[in-house]
Amino acid sequence: MSKANLSLKESKVIQLSLLMYLCAVLASAFLETWGILILNLIIATVCSTSYFILWMLYKGQRRRYFSLASFVMLNGFAIFFAVPFLVFIYGSISFWVGVLLVISMLLVPYLFSEEVALSVNKPYKTRLGRVYIILSSMLLIFGSGVYADSLYSQTTDPLQASLYTFLFSLFCWFVAPVLLIKPRKMDEVLAEE
């Protein structure tokens with residue numbers, strides 16, 4: 001564990017909170033509705049409060065604090081950036097496919113968190129690592145396409161951009177359970193081959 005307590009300044013609580021509020025506003029800009037903005041600001045407030053509570057509880061354990069704060073941050077980002085796509089496709093069969101994807105990514109990675117940790121660190125050694133490689137590749141390829149399209153057309157298709165943010169959300173939910181593993185257990189998992 002750490003020798004000295006983590007100060008509030010070192011904990012990055014304020015910076016993380018400001019980042020969450022900024023992302024809440026940016027994610028709401030896609031939809032231009034007050035309801036989504038208010039929902040995102042509530043989520044950002046819950047995340048900010050969580051950072052402070054985690055700092056109070058784990059200021060003597062740096063690794064654990066930053067791991068849990070990153071977990072909260074990833075889940076906050078995932079929620080912010082999944083909602084626009086689900087709102088755009090609401091009322092179609094694709095909406096229910098999207099909801100099933102969200103539910104599966106909220107549940108399944110937690111059942112295999114140690115394997116996900118191993119697959120993120122050593123992707124070629126596990127079957128789940130291949131999922132990680134595919135999802136990462138999709139983010140890079142599709143993101144490059146969205147960026148290139150926005151450069152050439154001078155506008156960005158909101159549905160296309162929200163699909164990219166939805167893929168980013170799925171990636172965040174896939175990786176998030178790794179951050180709940182305690183540091184000592186994580187060292188054991190990574191030492192395994």
Side-chain angles (χ1 to χ4, degrees), residues 6-59 61-90 95 98-99 101-103 105-106 109 120 132 135-136 138-180:
L6 191 65
S7 70
L8 184 61
K9 183 178 180 182
E10 292 174 318
S11 71
K12 310 284 186 213
V13 168
I14 295 169
Q15 293 93 325
L16 288 172
S17 298
L18 291 174
L19 180 65
M20 291 308 286
Y21 283 107
L22 176 67
C23 288
V25 172
L26 287 175
S28 303
F30 273 120
L31 303 172
E32 299 175 358
T33 60
W34 288 104
I36 299 297
L37 176 63
I38 291 169
L39 175 69
N40 283 351
L41 290 175
I42 290 170
I43 292 168
T45 302
V46 168
C47 290
S48 299
T49 306
S50 298
Y51 296 141
F52 185 75
I53 292 169
L54 287 171
W55 172 71
M56 293 297 292
L57 294 173
Y58 294 102
K59 62 176 128 182
Q61 303 172 32
R62 289 175 184 262
R63 268 179 81 185
R64 188 70 177 144
Y65 165 75
F66 283 113
S67 179
L68 293 174
S70 298
F71 173 79
V72 171
M73 183 178 65
L74 277 181
N75 280 294
F77 286 161
I79 293 169
F80 294 152
F81 295 121
V83 169
F85 180 69
L86 293 174
V87 169
F88 276 127
I89 63 171
Y90 182 75
F95 172 78
V99 169
L101 272 170
V102 167
I103 291 171
M105 284 309 229
L106 284 173
V120 167
Y132 174 75
L135 197 53
S136 301
M138 284 176 59
L139 277 172
L140 291 172
I141 292 167
F142 192 67
S144 300
V146 170
Y147 180 69
D149 184 49
S150 68
L151 286 178
Y152 292 119
S153 67
Q154 300 298 321
T155 60
T156 303
D157 179 20
L159 181 61
Q160 186 181 23
S162 68
L163 178 59
Y164 178 73
T165 61
F166 183 73
L167 288 174
F168 176 74
S169 296
L170 295 179
F171 181 76
C172 289
W173 279 318
F174 178 77
V175 175
V178 171
L179 299 168
L180 291 179

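If you read the sequence from its start, that first residue is 1, and numbering goes on from there.
To the nearest 0.5 Å, the span separating CH2 on Trp55 from CG on Leu8 amounts to 4.5 Å. How far OG of Ser11 is from OH of Tyr58: 15.0 Å, rounded to the nearest 0.5 Å. One distance of note links CG of Leu54 with CG of Leu6; it measures 11.5 Å at 0.5 Å rounding. Rounding to the nearest 0.5 Å places CG of Leu37 at 10.0 Å from CD1 of Ile42.
By the 4.5 Å heavy-atom criterion applied to side chains, Tyr51 and Met73 are counted as neighbours.
Among residue pairs with one or both ends in residues 80-89, none qualify as side chain to side chain donor-acceptor pair (under 3.5 Å); sequence neighbours excluded.
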Quiz prompt | Trace of the side-chain contact (heavy atoms from CB on, under 4.5 Å) decision for Val72 with Leu68 | solution = CA-CA 6 Å; Val72 171; Leu68 293 174; 5.8 Å; no

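Looking at residues two or more places apart in sequence or on another chain, you find no ring pair (Phe, Tyr, Trp, His ring centres under 6.0 Å) involving Phe81. Contacts of Phe88 classified as ring pair (Phe, Tyr, Trp, His ring centres under 6.0 Å), with partners at least two apart in sequence or in another chain: none. Among residues two or more places apart in sequence or in another chain, the side chain to side chain donor-acceptor pair (under 3.5 Å) test is passed with Ser28 by Asn40. Residues meeting the side chain to side chain contact (heavy atoms under 4.5 Å, CB included) test with Leu140, sequence neighbours left out: none. Qualifying side chain to side chain contact (heavy atoms under 4.5 Å, CB included) partners for Tyr164, counting only residues two or more places apart in sequence or in other chains: Leu139, Phe142, Val146.
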Hey, can you pull the donor-acceptor pairs under 3.5 Å for the side chains in residues 15-26, sequence neighbours left out?
from: Ser17; atom 1: OG; to: Val13; atom 2: O; distance (Å): 2.8
from: Ser17; atom 1: OG; to: Ser48; atom 2: OG; distance (Å): 3.2
from: Tyr21; atom 1: OH; to: Thr45; atom 2: OG1; distance (Å): 2.8

Anything under 3.5 Å between a donor and an acceptor, one on a side chain of residues 167-175, the other on a protein residue two or more places apart or in another chain? List them.
from: Ser169; atom 1: OG; to: Ala78; atom 2: O; distance (Å): 2.8
from: Ser169; atom 1: OG; to: Ala82; atom 2: N; distance (Å): 3.0
from: Ser169; atom 1: OG; to: Thr165; atom 2: O; distance (Å): 3.0
from: Trp173; atom 1: NE1; to: Asn75; atom 2: OD1; distance (Å): 3.2

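Taking the six-membered ring for Trp and thresholds of 30 and 60 degrees, Phe85 and Phe166 have ring planes inclined between 30 and 60 degrees apart.
Summarising the geometry of Leu86 relative to Val99, their closest heavy-atom pair is CD2-N, 4.2 Å, with the distance given to 0.1 Å.
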